[in-house]
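Lettering of chains follows the sequences in order, A, B, ..., and the numbering in each one begins at 1.
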Amino acid sequence: MNDDTATATNPTGNGLVGLIPVGIALLLFGWFLSLAPAIAEGQSLRLVWDWVPSLNISLSFLVDGLSLTFALLISGIGALVLLYSNTYLAGHPQFTRFALFLTSFMLAMLGLVLADNLIGLFVFWELTTITSYLLIGFGHDTTKGRRSALQALFVTGAGALALLAGFILLGFSMGSFELSVILAQADTLKAHEMYLPILILILAGTFTKSAQFPFHFWLPNAMAAPTPVSAFLHSATMVKAGVYLMARLHPGMSGTDVWFWTLTIAGAFTAVFASILALRQTDLKQALAYTTLMALGTLTLFLGQTSGYAMTAFATFLVVHSLYKASLFLVVGCIDHATGTREADVLGGLGRVMPVTAFAAGLAALSMAGFPPFLGFIGKELKYAGILAIGSEPFIFAAALLTANALMFAVAGIVALRPFWQRTGIALPRKPHEAPWPMLAGPVILAVLGALFGVYPDLLQTSLVDPTVKSLLGSMEDAKELQLWAGVNMPLILSIATVALGAALYLGHKRLRPALGRLVDASPQFDNGWDTFLAGLKGFAAWQTRIIQPGILRRYIFATFATVLVAIGGTMIARQAMPALPDLSDVTFQNVALVVLISAGALLTAITSSRIAAMAALGVVGIGVAMIFIVFSAPDVAITQLLVETLVVVLVAVALLRLPVLDQNGRDRRPVDAILAGAIGLSVTLVLLAVLETPLDLRLTEYFEVTSWPEAFGRNIVNVILVDFRALDTFGEVAVVVIAALSAYALLRTTHPRKDP
Amino acid sequence: MEALLAITIGVLVATSVYLMLARNVLRFIFGLVLISNAANLIIFVSGRLTSGAPPLIAEGAEGPVGDVANALPQALVLTAIVIGFGLFAFALVLMFRAYSTLGTLYSDDMRIAEPRTEDTK
Amino acid sequence: MNTLVANIFFAVAWMILFNTFTWLSVLSGLAVGYFVLMLIQPLAGVKSTYFKRVWYWIKLLVLFNYELIVSSIEVLWDIFTPTHRSNPAIVNMPLDVKTDAGILLVTNLISLTPGTLSIDVSADRKTLKLHVMFADDPEAVCRSLKEGMERWVIDAVEDRE
Amino acid sequence: MIDLAAAILVFLGAAMTVAAGVGVIRLPDVFTRMHAATKVGTLGSGLVMAGAALHFAEPGIIVRCVLIVFFLLLTAPIGAHMIGRASLRLGINPWTPRQKQDSKPDS
Amino acid sequence: MNSIILRVGTRYLCGLLVLFSLYMLIRGHNEPGGGFIGGLIGSTGFVLFALACGTADARAALKVMPQNIAMAGLGIALLAGIAAAVFGDALFTGQWLFINETPEDKGIPLSTVLVFDIGVYLVVFGSILSIVFAMEEEI
Amino acid sequence: MDTVLTLGFALVFIGVGLALVRLAIGPTLPDRVVALDQMTVSIVAFCGLAAIRSQDAAFLDVALVLALVGFLATVALARFAERVVIRREAREDEEEQTE
Amino acid sequence: MTWTLATPLVLPFLTAVLAFLARYGAAGRWFSVAGNAVLLGASILLMVRVLDQGVIAAQMGGWSAPFGITLVADYLSAVMVVITAITALAVSVYALTDIDERKEHLGYHALFNILIGGVVGAFLTGDLFNLYVWFEVMLISSFGLLILGGNKDQIDGGIKYVTLNLISTILFLSGIGLLYGMTGTLNMADIARTLDTVENQGLVTVVAMMFMVAFGVKAAVFPLFFWLPAAYHTPAFSVSAVFAGLLTKVGVYALIRMFTLVFDGDIGFTHQILLWVAGLTMVTGVLGAAAQNDIRKILSFHIVSQIGYMIMGLALLTPLAVAGAVFYLVHHIIVKANLFLIAGVAERTAGSTDLNRIGGLYKSAPLLACLFFIPAFSLAGFPPLSGFWAKYVLVAAAIENQGWIIAAVALLVGLLTIFSMTKIWAEAFWKPHPEGVDPTLNQLTPQARRHLLIPIAALAAMTLVIGFSPEPFVTFAKDAAAQLLDPTAYITTVLGGET
Ligand code: NA
Ligand code: NA
């Protein structure tokens with residue numbers, strides 16, 4: 001089931017919108033190509049633009065062997081894929097977006113591989129994440145498409161956050177965010193106390209991005225994207241970003257036990273695991289996706305090493321894989337485009353109808369299977385050589401690699417041979433036809449390059465492999481020679497074993513599938529795990545939200561007051577701010593009477609079940625407080641208090657006419673609330689007593705007393721403070737009053753009250 | 001007397017907290033009125049108390065004669081009382097409107113903005 | 001009303017003459033103005049009720065205060081004695097007073113006199129509902145109120161010759 | 001001499017306030033309590049004000065005291081009238097010595 | 001509210017309250033009073049009016065919407081503060097003009113401070129009335 | 001005078017306290033309103049005492065305001081009581097009930 | 001000088017008065033737009049002055065500090081005022097279409113502009129009680145704006161909002177009283193200076209905690225944020241936007257101000273607590289968002305979560321961390337306000353903000369999709385958008401400070417933020433509309449499109465500008481942090497050289 005079916009086969013594609021990106025890609029490719037000779041001579045090119053100097057973040061770019069190899073792959077394959085998709089998605093209503101995203105992705109990817117600043121690199125890293133999210137979600141009409149996009153984003157995004165932490169830690173530890181500076185101090189870095197956390201965090205980023213086990217599950221799902229996207233992102237470029245980063249950091253971080261074991265084991269395991277899964281697939285694209293995983297595992301495995309063989313193998317296989325895998329994806333796209341299906345068991349005998357496609361597929365598949373004289377063969381030989389150079393347990397890893405390669409051999413047959421040669425007799429959804437030339441250009445050129453480099457390995461060696469190895473190891477001398485015939489040696493024997501095992505697997509793959517299926521089903525289901533994780537996350541989120549945000553006001557108020565209590569009472573105890581016992585010697589009868597009056601009014605308000613009693617009791621408190629203001633020389637305040645109290649009673653009396661009685665179900669006694677309330681009251685009293693122990697500095701008041709009449713021409717100091725000394729307060733206050741009135745008015749007038757019964 | 005008032009303020013705070021925790025939002029309003037009084041008294045008491053000497057300057061004098069009450073807290077309390085009234089009036093109207101719109105004064109039954117989760121599922 | 005204005009005018013003139021603005025000068029000004037007006041009454045054609053009414057007002061105030069104090073003692077007695085001597089009842093009293101001011105004055109004064117309390121005036125303004133504390137003889141209470149308080153008020157505020 | 005008179009007036013006024021309070025507690029129904037509160041209370045405040053007027057003996061203050069009493073005399077009966085009217089409409093019948101009257105509680 | 005006594009009483013009291021409120025406003029700078037207290041007292045006059053005679057009559061007597069009074073008051077208070085700019089002073093710096101100033105007596109003071117207090121008065125007055133009237137009309 | 005004032009304050013407080021008791025025990029709405037009214041009037045006396053004791057007429061201003069507007073609360077409450085009845089007559093099914 | 005500070009404060013009130021008195025005509029709403037445009041100009045002038053002179057202060061009423069009320073602007077205040085003006089202008093344009101005449105007649109523009117005035121006042125005042133007054137101004141106008149419309153959910157949300165905020169207000173007021181009782185002054189610089197001499201330093205910490213709780217409610221931190229998710233999704237979108245952008249940030253501002261200037265005596269206690277609060281706020285907020293299914297509810301919970309980041313910066317109290325908090329504030333206001341504005345357009349076109357009931361916007365309204373994508377992914381912290389730098393600086397500060405746990409929490413919460421932003425994206429934009437309609441922007445009149453989209457586009461452009469060229473903003477934030485961490489200049493400027 002493919003969601004990206006082309007709607008037209010017009011080879012002119014989408015006009016300028018489709019061709020401009022191709023032009024951009026070609027220009028970039030040309031530029032990189034022009035840099036190649038200089039780089040091959042061991043030079044490097046560095047461009048720096050101070051981006052955020054205050055954070056030591058620059059947009060610095062470094063073109064060396066490693067980055068140039070990637071840049072050429074990205075821009076070259078990019079140009080072909082863009083050309084291809086122009087036809088593949090001809091007339092699609094969202095093509096413009098597609099082209100924009102794909103071009104952006106390409107540029108971001110270039111930025112990623114060229115960046116020499118950790119944070120700059122991270123920015124591009126995340127840009128590839130976003131653009132790939134949008135590209136995977138191109139089939140956004142389906143739940144599956146959206147799920148895949150989210151999954152890819154989430155998994156790689158999670159890794160990216162770890163990566164960011166790792167980068168920051170790395171940058172702080174080494175005193176610079178410039179990669180070239182950091183990598184120049186490899187010994188310091190490896191000896192740094194933060195080495196291990198840095199490594200773990202960065203590997204979390206690279207493993208997720210490069211879909212290493214157990215983060216691999218998002219990649220096959222990402223095949224929901226249109227086929228050109230899969231070809232470009234999920235085989236040739238983006239998934240290799242993780243690999244790239246490990247390679248980039250290799251000079252600075254490799255060589256430790258942790259590095260070696262982590263990368264080697266994860267890589268090997270991913271390779272074997274993925275190739276087994278690949279054999280099981282019937283959807284051609286899915287099968288390719290799993291072989292991509294296998295390739296990524298292999299590349300990781302090599303990066304775990306430090307030998308010249310391993311590095312050469314890495315560099316070579318990187319190029320080999322990009323060429324054949326992109327080619328094969330595009331071929332699958334052509335088949336899909338022509339027949340309307342990608343099911344391996346349905347497809348067959350297309351060779352006659354689609355000869356050019358078949359040609360490209362054949363070349364690419366042979367390279368993938370590792371037949372001489374293709375580059376794939378050289379790559380495979382180097383892989384075995386590299387694996388045998390591993391310091392410990394080489395044979396275990398060689399066996400793993402053998403298994404993986406054999407499986408890959410079988411998959412190459414399934415994907416690239418069977419659809420063209422072997423008829424199935426099952427009717428195809430569409431009458432097949434040869435793909436138009438823009439769609440053939442990519443697969444053919446890439447496949448031919450694979451063959452070409454196989455025949456002339458020197459071409460690749462000098463231009464890309466040696467400079468890459470130099471980037472990794474610091475010198476080109478360690479690079480091993482690429483050659484088709486290196487004599488009869490262990491790698492060759494392993495190659496022969498691979499072919500034999502692979503052929504057997506190919507012939508028996510249909511019978512093997514059920515067994516593989518059982519094996520896979522028995523192992524942990526990471527893709528289902530994703531669903532479980534999401535459901536768990538949502539469930540947990542919903543649960544915590546129900547607990548914290550239940551929608552019940554009383555709980556909110558309770559929590560708020562409980563916090564108040566902890567904040568005041570808790571701090572009083574923790575910070576030993578307790579007051580001494582208060583001095584009550586100056587207390588008079590009048591004072592006690594006032595206090596009793598207010599307290600009685602307050603308690604009555606709290607306990608009465610008659611709303612009128614409550615309201616009247618409130619009035620008592622108000623009157624009592626006014627009496628305090630009278631006793632303690634605040635006539636203005638007392639007047640205001642009494643007036644406001646009166647208005648409060650008036651308003652409540654009006655409001656109550658429409659409100660029900662307080663408790664229909666009798667009084668509710670709330671001991672817990674009472675304890676909380678009492679504790680808060682006690683805390684407030686204690687704080688206040690403590691405050692009253694400190695002497696009060698009256699200089700503000702003294703200033704007001706001295707200036708009130710001579711300078712502000714007023715004899716009521718309180719009023720002078722209100723309208724002159726602190727007029728701004730008063731202004732704000734009257735604004736509050738106006739707005740309170742407007743709000744209350746609006747509240748009464750906008751709403752549509754409940755209909756009377 | 002400051003100490004005695006501190007205790008009174010504690011009582012006011014305690015009763016108002018108790019009221020605010022009630023199911024009926026009308027009680028919250030009552031609590032609000034009480035706690036506003038408490039806050040005003042806190043400011044008032046923090047400025048210390050002076051009996052029988054309002055902060056007024058007699059005609060002909062340049063400043064107040066003798067120790068008069070601290071005028072600043074009085075001005076602040078006056079401000080706070082009026083603001084408190086504005087807040088109270090709005091809150092009261094809100095509860096009033098809540099009853100006519102939602103048909104209840106019981107906050108537990110006010111579940112329109114945040115419906116029970118089983119309702120949304 | 002014009003006479004009142006004239007009286008105030010005379011008082012102000014008096015004060016300007018003396019160039020003093022104390023409360024004493026106000027009172028004396030008012031008093032002097034009153035007498036001057038009474039003297040020139042025939043010249044100015046001032047209604048004679050004004051002069052009478054001032055005396056009615058004074059009479060009203062004095063009598064009211066007397067009533068207030070005297071009957072307060074009655075109520076106080078009832079408050080402080082262990083048994084309630086009172087025999088309260090709601091009594092309807094026909095109202096003769098017509099003007100708004102008159103009604104207000106009558107009802108307020110009756111209310112302020114302990115032992116009686118104005119509860120309501122009927123919509124047609126003809127009846128005053130009273131709560132009487134010592135209503136052993138409601139008719140007598142009504143009568144005494146009508147002849148006392150209401151009469152004085154009518155004299156003081158209403159133009160009825 | 002004036003001071004003594006003022007003191008007596010103030011004392012009487014304060015005593016009246018207590019009397020009003022006792023009345024509000026002791027008297028049998030809302031109407032009779034109103035008599036105590038509105039009138040004895042007003043009288044009490046009036047006496048205190050008279051005392052204050054005597055004590056200060058300044059024209060400005062005397063006028064203020066007179067005004068206070070005047071305002072009280074103007075407003076207190078209106079308030080009492082409103083309460084009394086409401087009581088009647090609430091169906092509260094005056095207490096009489098002959099029959100014991102049940103007072104209805106409020107809402 | 002068909003109480004004749006209350007209605008008649010209100011007729012006198014309302015005017016009295018407004019008059020008294022103005023008195024409290026004007027004297028506020030030297031004696032207890034001021035814009036807040038004045039505004040509160042003034043509003044009680046019309047609150048009483050509304051309780052006794054209904055809001056329709058009270059609104060008619062007031063002529064202007066209370067919200068507009070309040071907002072105009074805010075504007076006046078603000079202008080009183082901004083006026084200082086004309087004299088090159090900071091916001092809310094009081095500007096005073098004394099009429100009939102003599103060495104012994106400052107004479108009759110006119111000031112932006114008083115204007116500010118008038119603004120406060122209007123705000124309090126208008127705001128309380130808009131709430132109370134609107135509330136009254138709900139029942 | 002001072003003795004009288006001290007005594008006076010005490011008496012006023014007793015009066016207010018008694019009113020508070022009536023306010024608490026009710027039992028009818030008008031009873032509580034009467035109690036509140038009595039308190040308001042008592043505060044006027046209280047202000048007078050405060051003015052005499054402090055020799056400052058400023059407290060008389062408090063009394064003045066209270067004398068003028070204090071009854072407003074009484075009026076509002078009384079009207080509330082009355083309206084409750086009217087509304088009950090108008091709508092028998094309304095949940096407004098005297099307790 | 002004094003009017004440089006006073007003008008941004010005065011303008012909103014003037015605008016409010018004019019807009020209110022002209023509320024029955026079209027003039028009212030244009031007063032609002034024009035007033036906010038002038039406000040923006042005035043605030044830029046203020047910013048220029050502050051950049052030129054560092055901290056500036058003005059004594060209101062001509063009364064010298066600490067006797068009168070001082071207005072003071074340092075970098076933080078100035079930038080907050082500018083951002084406020086930007087948000088206000090954007091929202092007032094948006095409101096031209098979003099707010100109907102009924103709401104205008106009830107005084108929407110007055111409420112809105114006074115809200116802005118309160119916000120500006122809170123940022124500019126150097127006086128604690130005056131800060132309280134501006135908080136009240138904001139609070140009460142936010143009440144009015146929240147319930148304007150009077151729907152059931154508004155009333156219900158309003159009750160929660162009002163009750164909880166009132167509690168905080170009272171606590172704030174009481175705290176001021178206590179602080180006055182200890183120091184005898186209300187001027188914040190003066191308090192800061194005096195508080196060190198208080199004998200009972202434990203008591204200072206107690207009062208500091210009171211302020212933390214009071215502002216914590218305003219800022220919506222754990223466990224005090226309940227009111228926010230309960231209410232922010234209910235009012236008009238213009239209102240939601242300005243609430244989401246500005247209001248809680250005033251609480252954060254107040255926390256930053258108080259806990260750098262005044263309460264810096266017991267950092268080991270107070271800021272450790274703040275750090276816990278920050279972490280829990282981030283986590284509970286983001287999980288709350290994950291549980292929601294309505295755009296505005298998701299966005300509301302995210303406000304909570306992101307407040308946590310800002311508090312984290314304050315809690316760590318290093319120059320980089322505080323710079324991060326400042327940067328985060330600025331970024332968040334722009335982005336969050338914009339997202340709510342976009343939610344409004346989404347509702348207008350697709351018919352709802354409930355994710356189950358809308359969809360298809362990516363296909364039919366690509367412009368809106370693009371405009372949503374920018375703030376949404378900025379919020380999620382993707383580079384090179386503004387949110388990335390905000391988060392980067394904070395995480396870097398945490399790591400620099402060896403705050404491993406808080407750094408991990410910050411990153412993890414970032415991941416969950418991605419989760420809910422993409423949820424909106426997937427459900428509202430990618431998913432086909434459940435009723436099969438094509439929600440295009442053409443449903444809106446050209447005028448409405450202008451009013452609604454221009455502010456959104458402008459805010460999105462700002463997000464991009466900050467994202468692509470963060471250097472001036474980061475430098476500024478660092479300078480602001482330096483001012484905050486060494487308040488000497490602030491104190492001397494306010495107190496006029498007297499120390
Ligand atoms: Na300090
Ligand atoms: Na400090």
Please report the interatomic distance [atom1]([X]) to [atom2]([Y]), rounded to the nearest 0.5 Å.
| X | Y | atom1 | atom2 | result |
| --- | --- | --- | --- | --- |
| Thr93(E) | Asp724(A) | OG1 | CG | 8.0 Å |
| Asn719(A) | His29(E) | CG | NE2 | 6.0 Å |
| Leu647(A) | Leu40(E) | CG | CG | 6.0 Å |
| Glu137(E) | Tyr745(A) | CD | OH | 7.0 Å |
| Ile739(A) | Ser127(E) | CD1 | OG | 9.0 Å |

Please look at [X] and chain A and tell me whether the side chain, the backbone, both or neither of the residue comes under 4.5 angstrom of a heavy atom of that chain.
| X | value |
| --- | --- |
| Glu136(E) | both |
| Val120(E) | both |
| Ser43(E) | side chain |
| Leu78(E) | both |
| Phe92(E) | both |
| Leu129(E) | neither |

Any non-hydrogen side-chain atom of [X] less than 4.5 Å from a side-chain atom of [Y]?
| X | Y | result |
| --- | --- | --- |
| Ser130(E) | Leu742(A) | no |
| Ile639(A) | Phe36(E) | no |
| Glu138(E) | Val654(A) | no |
| Asn716(A) | Arg27(E) | no |

Using non-hydrogen atoms only, which part of [X] is less than 4.5 Å away from chain E: side chain, backbone, both, or neither?
| X | result |
| --- | --- |
| Ala735(A) | both |
| Val720(A) | both |
| Leu728(A) | both |
| Ser743(A) | neither |
| Ile717(A) | neither |

Task: Neighbour count >12 (heavy atoms, 6.0 Å) for atom CZ, Arg555(A) - done: no
Nearest atoms (heavy-atom pairs only) where [X] meets [Y]:
| X | Y | value |
| --- | --- | --- |
| Gly33(E) | Asp636(A) | N-OD1, 2.9 Å |
| Leu643(A) | Ile37(E) | CD1-O, 3.8 Å |
| Ala712(A) | Trp96(E) | O-CZ2, 3.2 Å |
| Met135(E) | Ala655(A) | CE-CB, 3.2 Å |

- [ ] Quick one: which of Pro635(A), Ser708(A), Ala727(A) has the most heavy-atom pairs under 4.5 Å with chain E, could you say?
- [x] Ala727(A)
Open item on the list: Would you say the ring centers of Phe98(E) and Phe713(A) fall short of 6.0 Å from each other?
Closed with: yes
